[in-house]
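So the structure is just underneath, and the comments pick up after that.
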Amino acid sequence: MRILIAPDKFKGSLTAHNAAAAIARGFTKVFPYAEIQLLPLADGGEGMLDAFKQTSNHTSHTLSVRDALGRDVTAEWIMLENHSELHAVIESSQTNGLWRIESIHRNPFIASSYGVGQMIAQAASFGATKITVGLGGSATNDAGLGLAAALGIRFHNKSGNLIDAIPMNFLKIFSIDSTNRIPLPPIYAACDVNNPLLGENGATQTYGPQKGLQKNQLDMAEAALAHAATIADQHFHTNFQTHPGAGAAGGLGYGLMTFCAAKLVPGFECIASALDVERQIQSADIVITGEGSLDSQSLNGKTPIGVSRIARKHNKPILALAGRVSDEELLLSHFDLIDKIMSGDISEDQAVGEADTLLEKSSIRLAEKFRSLSED
């Protein structure tokens, strides 16, 4: 029996690789003679770089960039070489990630995506013929204006003076100068959300609070984004504000489309294609996936649902594990069996702190359930 284990990360506790390893330990105890293959995945956010690193034809590059607060940090990106194509893969959270900023220092009014632009600029200078940027986990809410500044685009006030492209200055923007933007290859923005830039489901209202915005600051932050986007749309003759995914990573989806002519693509599909996930599922007898939280939001392009759709297409048993599960009746139409860490008297803090051990135990339960069903 061949078991394919293809989870995403369990955010805040386990990388996709560590999650896959814990699941493998559990299933090995129930199916000791099974052939087990680990295939850590991602859907465009954190972990995307590690997923792409599973390809044999990549080289890693590091550079000093600015994090969201302008501090110097070291970030990594990779180049995939395939015949004449040089495909650069960039994980935006390497630079503007929320994980880099302690909660007491989070402030979207001064946070910038400048570092993401620095990585794009280096990838272009290294001869990339295509760039994929994974979106997610950002500490920013700047609609990609910081990224634009790193690529040579300038923002001016009514007096013609240069403005630092951070949200606290956005209402002062009067004009844009893009004559010195560096040449760029085709860019693809990989994301797993469908939020527009503005409005009730937009970047500010949906993700602003976790990045440090207080309730009484949301309207101000929304107005800043709306003004900046209006000026940008007028300058570039574009209108991506309502495009699904424009609100990803604090509006970085909007910024990449507007300033870099990028195309937004589903993150899971991007990675699944590069890693030939469908072929690997076809050759498996059982497929196991999972992530930190399984709920109705998982239906919007998240890794477990992507894996499930391919498994269903090829009539493979598909099992899922998660830290927590809600909307279980809805999810059971996508999975044959589901198990979770958060059950009984296990607290959230315990689930995060002991995720490795608890996921292994959940995997044993799931494996035993599957064995029981198979024997009936």
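Worth saying up front: this structure is predicted, and the values here are computed from it rather than measured. When reading the values below, keep in mind they use all heavy atoms of this one structure, side chains included, and skip hydrogens, waters and symmetry mates.
Qualifying side-chain contact (heavy atoms from CB on, under 4.5 Å) partners for Ser159, counting only residues two or more places apart in sequence or in other chains: Asn157, Asn161. Listed by chain and number, the residues in a ring pair (Phe, Tyr, Trp, His ring centres under 6.0 Å) with Phe259 are Phe236 (sequence neighbours excluded). Listed by chain and residue number, Ile176, Ser178 satisfy the side-chain contact (heavy atoms from CB on, under 4.5 Å) test with His235 (two or more places apart in sequence, or in another chain). For Lys302, the side-chain contact (heavy atoms from CB on, under 4.5 Å) test picks out Asp43, Asp192, Glu291, Ser298, Pro304, with sequence neighbours left out. Residues forming a side-chain contact (heavy atoms from CB on, under 4.5 Å) with Ala20 (at least two apart in sequence, or on another chain): Ile5, Pro7, Leu38. Among residues two or more places apart in sequence or in another chain, the ring pair (Phe, Tyr, Trp, His ring centres under 6.0 Å) test is passed with His156 by none. When the ring pair (Phe, Tyr, Trp, His ring centres under 6.0 Å) test is applied to Phe126, the partners found at least two apart in sequence or on another chain are His61, Trp77.
Within the 3.5 Å criterion, the main-chain N or O of Gln282 finds a donor-acceptor partner in the side chain of Lys316. With hydrogens and angles ignored, the 3.5 Å screen pairs no side-chain donor or acceptor of Gln205 with any backbone N or O of Leu198. Side-chain atoms of Ser92 come within 3.5 Å of backbone atoms of Gly134 as a donor-acceptor pair (strictly under, hydrogens ignored). Remark: the backbone N or O of Glu368 is not paired with any side-chain donor or acceptor of Ser372 at under 3.5 angstrom. Judged purely by atom type and a 3.5 angstrom limit, Thr206 uses its side chain to pair as donor or acceptor with the backbone of Asn201. With Asn195 contributing its side chain and Ala248 its backbone, the two residues share no donor-acceptor pair below 3.5 Å. Judged by distance alone, with hydrogens and angles left aside, the side-chain atoms of Lys211 form a donor-acceptor pair with the main-chain N or O of Thr140 at under 3.5 Å. A donor-acceptor contact shorter than 3.5 Å links the side chain of Ser308 to the backbone of His334.
Closest approach of Glu76 and Leu49 over heavy atoms only: O-CD2, 3.4 Å. When every heavy atom of Ala311 is checked against every heavy atom of Ile281, the shortest pair comes out as CA-CG2, 3.8 Å. Residues Thr95 and Ala75 share a closest heavy-atom pair of CG2-CB, 3.8 Å. Of all heavy-atom pairs between Asp356 and Asn18, the closest is OD1-O, 4.1 Å. Minimum interatomic distance between Leu184 and Ala124 (heavy atoms only, all atoms of both residues): CD2-CB, 4.2 Å. Taking every heavy atom of both residues into account, Thr289 and Ala6 meet most closely at OG1-O, 2.8 Å.
Rounding to the nearest 0.5 angstrom, the gap separating the CD atom in Gln241 from the CG atom in Asp233 is 4.5 Å. Going from atom CD1 of Ile110 over to atom CG of Leu69 covers 5.5 Å, rounded to the nearest 0.5 Å. One finds the CE atom of Met1 at 7.0 Å from the CG atom of Asp285 (value rounded to the nearest 0.5 Å). Rounding to the nearest 0.5 Å places CD1 of Ile286 at 6.5 Å from CZ of Phe27. Atom OH in Tyr207 sits 11.5 Å away from atom CG in Asn141 (nearest 0.5 Å). Here the NZ-CZ distance, from Lys369 to Arg365, works out to 6.5 Å after rounding to the nearest 0.5 Å.
Cluster annotation: Phe52 and Met119 are assigned to distinct hydrophobic clusters (Ile/Leu/Val/Met/Phe/Trp/Tyr, side-chain heavy-atom contacts under 4.5 Å, transitive). Taken together through direct or relayed side-chain contacts under 4.5 Å among Ile, Leu, Val, Met, Phe, Trp and Tyr, Ile3 and Leu321 form part of one hydrophobic cluster. Hydrophobic clustering places Ile36 together with Leu319 (ILVMFWY residues linked when any side-chain heavy atoms are closer than 4.5 Å, directly or through intermediates).
Under the 30°/60° scheme for interplanar angles, the aromatic rings of Phe240 and His243 are found to stand perpendicular.
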* Give the intermediate values and the outcome of side-chain hydrogen bond (donor to acceptor under 3.5 Å, both in side chains) for residues Ser374 and Arg371. => CA-CA 5 Å; Ser374 300; Arg371 184 176 61 183; over 6 Å; no
* To do: Under the side-chain contact (heavy atoms from CB on, under 4.5 Å) rule, what do Ser138 and Leu252 come out as? Steps first, then yes or no, please.
  => CA-CA 9 Å; Ser138 78; Leu252 194 55; over 6 Å; no
* Taking it one step at a time, do Asp8 and Leu41 satisfy side-chain contact (heavy atoms from CB on, under 4.5 Å)? -> CA-CA 5 Å; Asp8 202 335; Leu41 296 174; 5.5 Å; no
* **Test log, rule side-chain contact (heavy atoms from CB on, under 4.5 Å), inputs Phe335 and Ile305** => CA-CA 9 Å; Phe335 304 103; Ile305 298 300; 4.0 Å; yes
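Counted by atom type alone, Glu46 and Ser93 present zero donor-acceptor pairs between their side chains at under 3.5 Å. If you check the side chains of Arg25 and Thr28, you find no donor sitting under 3.5 Å from an acceptor.
Here salt bridge (charged side-chain N to carboxylate O under 4.0 Å, His left out) pairs that include residues 55-68, with residues two or more places apart or in two chains, are Asp67-Arg71. Among pairs with a residue in residues 163-183, none fulfils salt bridge (charged side-chain N to carboxylate O under 4.0 Å, His left out), at least two apart in sequence or across chains. Residue pairs satisfying the salt bridge (charged side-chain N to carboxylate O under 4.0 Å, His left out) criterion with at least one member in residues 85-110, sequence neighbours excluded, are absent.
Contact annotation: the side chain of Leu264 approaches that of Met257 to within less than 4.5 Å [non-hydrogen atoms, C-beta and beyond]. Considering only heavy atoms from C-beta on, Tyr114 stays 4.5 Å or farther from Ile166 through its side chain. Residues Phe370 and Pro317 have side chains in contact (heavy-atom distance under 4.5 Å, counting atoms from C-beta outward). Taking the side chain as every heavy atom from C-beta outward, Leu39 and Gln54 approach each other to under 4.5 Å. Considering only heavy atoms from C-beta on, Lys130 stays 4.5 Å or farther from Pro185 through its side chain. Using a 4.5 Å cut-off on side-chain heavy atoms (C-beta onward), Ile318 and Arg312 make contact.
Counting non-hydrogen atoms of other residues, nucleotides and ligands closer than 6.0 Å to NZ of Lys53 gives a total above 12. Atom CE of Met342 has more than 12 heavy atoms from other residues, nucleotides or ligands within 6.0 Å. Counted within 6.0 Å of NZ on Lys11, heavy atoms from surrounding residues, nucleotides or ligands total 12 or fewer; the atom is thus considered open.
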Could you give the side-chain donor-acceptor pairs of residues 271-279 under 3.5 Å, partners two or more places apart or in another chain?
from: Asp276; atom 1: OD2; to: Arg279; atom 2: NE; distance (Å): 2.7
from: Glu278; atom 1: OE2; to: Lys313; atom 2: NZ; distance (Å): 2.7
from: Glu278; atom 1: OE2; to: His314; atom 2: NE2; distance (Å): 2.7

In a table with atom names and distances, give each donor-acceptor pair under 3.5 Å that connects a side chain of residues 142-151 to protein atoms at least two apart or in another chain.
from: Asp142; atom 1: OD1; to: Ser113; atom 2: OG; distance (Å): 3.2
from: Asp142; atom 1: OD1; to: Gly144; atom 2: N; distance (Å): 3.0
from: Asp142; atom 1: OD2; to: Ser113; atom 2: N; distance (Å): 2.9
from: Asp142; atom 1: OD2; to: Ser113; atom 2: OG; distance (Å): 2.9
from: Asp142; atom 1: OD2; to: Gly146; atom 2: N; distance (Å): 3.1

